[in-house]
Visitor: 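Next up is a structure, given as structure tokens.
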Amino acid sequence: QVQLEDSGGGLVQAGGSLRLSCAASGRAFSNYAMGWFRKAPGKEREFVAAISWNGGSTVYVDSVKGHFTISRDNAKNTVYLQMNSLKPEDTAVYYCAASSRYLPEYENQYDYWGQGTQVTVSS
């Protein structure tokens with residue numbers, strides 16, 4: 001079992017930045033690829049970014065490329081999502097997730113989920 005705790009959400013103006021964190025406990029964090037998803041009101045939950053177990057590979061949804069950066073610190077059992085140049089359409093609940101696959105982009109490829117953290121971007 002892996003327990004994930006998301007944090008770092010909040011209210012920010014358009015153009016601002018936030019850094020989300022996801023702290024993991026339980027089984028070896030470095031065994032898992034990590035991902036971030038988001039769910040906006042009235043929309044399906046969507047993939048945002050993922051990072052391989054050693055941080056050597058990353059993948060992003062097109063809408064956040066160049067604005068968001070996923071990273072991890074295996075010594076701290078933590079994955080981050082640095083979000084810059086935020087837009088109102090980035091408003092959502094953001095979830096981190098852990099997967100035993102290499103670099104997954106689909107919800108059903110993830111085994112463990114955090115509780116979510118709210119990000120609200122005002123215009």
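Predicted model, so just to flag it, every value in this text is computed and none were measured.
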Visitor: So which atom in Ser52 and which in Gly56 form the shortest heavy-atom distance, rounded to 0.1 Å?
Guide: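 Residues Ser52 and Gly56, closest heavy atoms: OG-N, 3.2 Å.
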Visitor: Look up atom CD in Gln109 and atom CZ in Arg101, then write down how far apart they are to the nearest 0.5 Å.
Guide: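 Output value for this atom pair is 4.5 Å.
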Visitor: Between Gly116 and Val93, which heavy-atom pair has the shortest distance, and what is it?
Guide: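 Smallest interatomic distance, heavy atoms only, reads CA-CG1, 3.8 Å.
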Visitor: Of the non-hydrogen atoms in Ala14 and Ser123, which two are nearest, and what is the gap between them?
Guide: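 Result for this residue pair: CB-CA, 4.4 Å.
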Visitor: So, for Leu103 and Ser57, which heavy atoms are closest and what is the spacing to 0.1 Å?
Guide: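 Smallest heavy-atom distance, with atoms named: CD1-O, 3.7 Å.
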Visitor: If you take the centroid of each ring, where Trp contributes its six-membered ring, are Phe47 and Tyr60 closer together than 6.0 Å?
Guide: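 Judged by ring-centre distance (under 6.0 Å), Tyr60 and Phe47 do not meet the cut-off.
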Visitor: For a quick test of reading the model, state the closest non-hydrogen atom pair linking Asn54 to Asn74 and the distance between them.
Guide: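 Heavy-atom minimum between the residues: CA-ND2, 4.3 Å.
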Visitor: Enumerate donor-acceptor pairs with a distance under 3.5 Å from any side-chain N or O in residues 80-89 to protein atoms, sequence neighbours excluded.
Guide:
{"from": "Gln82", "atom 1": "NE2", "to": "Asn84", "atom 2": "OD1", "distance (Å)": "2.9"}
{"from": "Asn84", "atom 1": "OD1", "to": "Ser17", "atom 2": "OG", "distance (Å)": "2.9"}

Visitor: With a 3.5 Å distance limit and no angle check, can you tell me whether Asp111 reaches the backbone of Ser100 through a side-chain donor-acceptor pair?
Guide: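 Indeed, once roles are kept as given, a pair shorter than 3.5 Å links the two residues.
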Visitor: Decide yes or no for Val119 and Thr91: does some side-chain heavy atom of the first lie under 4.5 Å from some side-chain heavy atom of the second?
Guide: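 Contact flag for Val119/Thr91 side chains = no.
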Visitor: Go through the steps to decide whether Trp113 and Phe37 satisfy the test ring pair (Phe, Tyr, Trp, His ring centres under 6.0 Å), and finish with yes or no.
Guide: CA-CA 10 Å; Trp113 292 83; Phe37 288 74; 5.0 Å; yes
Visitor: How about Asp6 and Leu20: do any of their side-chain heavy atoms sit closer than 4.5 Å?
Guide: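 Asp6 does not reach Leu20 side chain to side chain.
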Visitor: Give, for atom CZ of Phe29 and atom CZ of Arg72, the distance between the pair rounded to the nearest 0.5 Å.
Guide: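 Answer rounded to 0.5 Å: 4.0 Å.
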Visitor: For a side chain to side chain contact (heavy atoms under 4.5 Å, CB included) check, start with the C-alpha distance between Val79 and Trp36, then their side-chain angles and the critical distance, and finish with the verdict.
Guide: CA-CA 9 Å; Val79 63; Trp36 287 96; 4.0 Å; yes
Visitor: So, for Thr78 and Ser21, which heavy atoms are closest and what is the spacing to 0.1 Å?
Guide: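 So the minimum-distance heavy-atom pair works out to CG2-CB, 4.3 Å.
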Visitor: Side chains of Tyr95 and Thr117: is there a donor and an acceptor less than 3.5 Å apart?
Guide: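 No - no donor-acceptor pair under 3.5 Å links their side chains.
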Visitor: Applying salt bridge (charged side-chain N to carboxylate O under 4.0 Å, His left out) as the test, list every pair that has at least one member in residues 29-54; sequence neighbours left out.
Guide: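 Non-adjacent pairs meeting salt bridge (charged side-chain N to carboxylate O under 4.0 Å, His left out): Arg38-Glu46, Arg38-Asp90, Arg45-Glu107.
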Visitor: Can you tell me if OH on Tyr102 sees more than 12 non-hydrogen neighbours from other groups inside 6.0 Å?
Guide: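 Counting other residues, nucleotides and ligands, OH of Tyr102 exceeds 12 neighbours.
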Visitor: Out of curiosity, Cys22 SG to Glu5 CD, how far, rounded to the nearest 0.5 Å?
Guide: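 Between atom SG of Cys22 and atom CD of Glu5 there are 8.5 Å.
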Visitor: Excluding sequence neighbours, so at least two apart, what forms side-chain contact (heavy atoms from CB on, under 4.5 Å) with Gln13?
Guide: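 Ser122.
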Visitor: Over 60° means perpendicular and under 30° means parallel, so tell me whether Tyr32 and Tyr112 are parallel, tilted or perpendicular.
Guide: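 If you compare the ring of Tyr32 with that of Tyr112, the planes turn out perpendicular.
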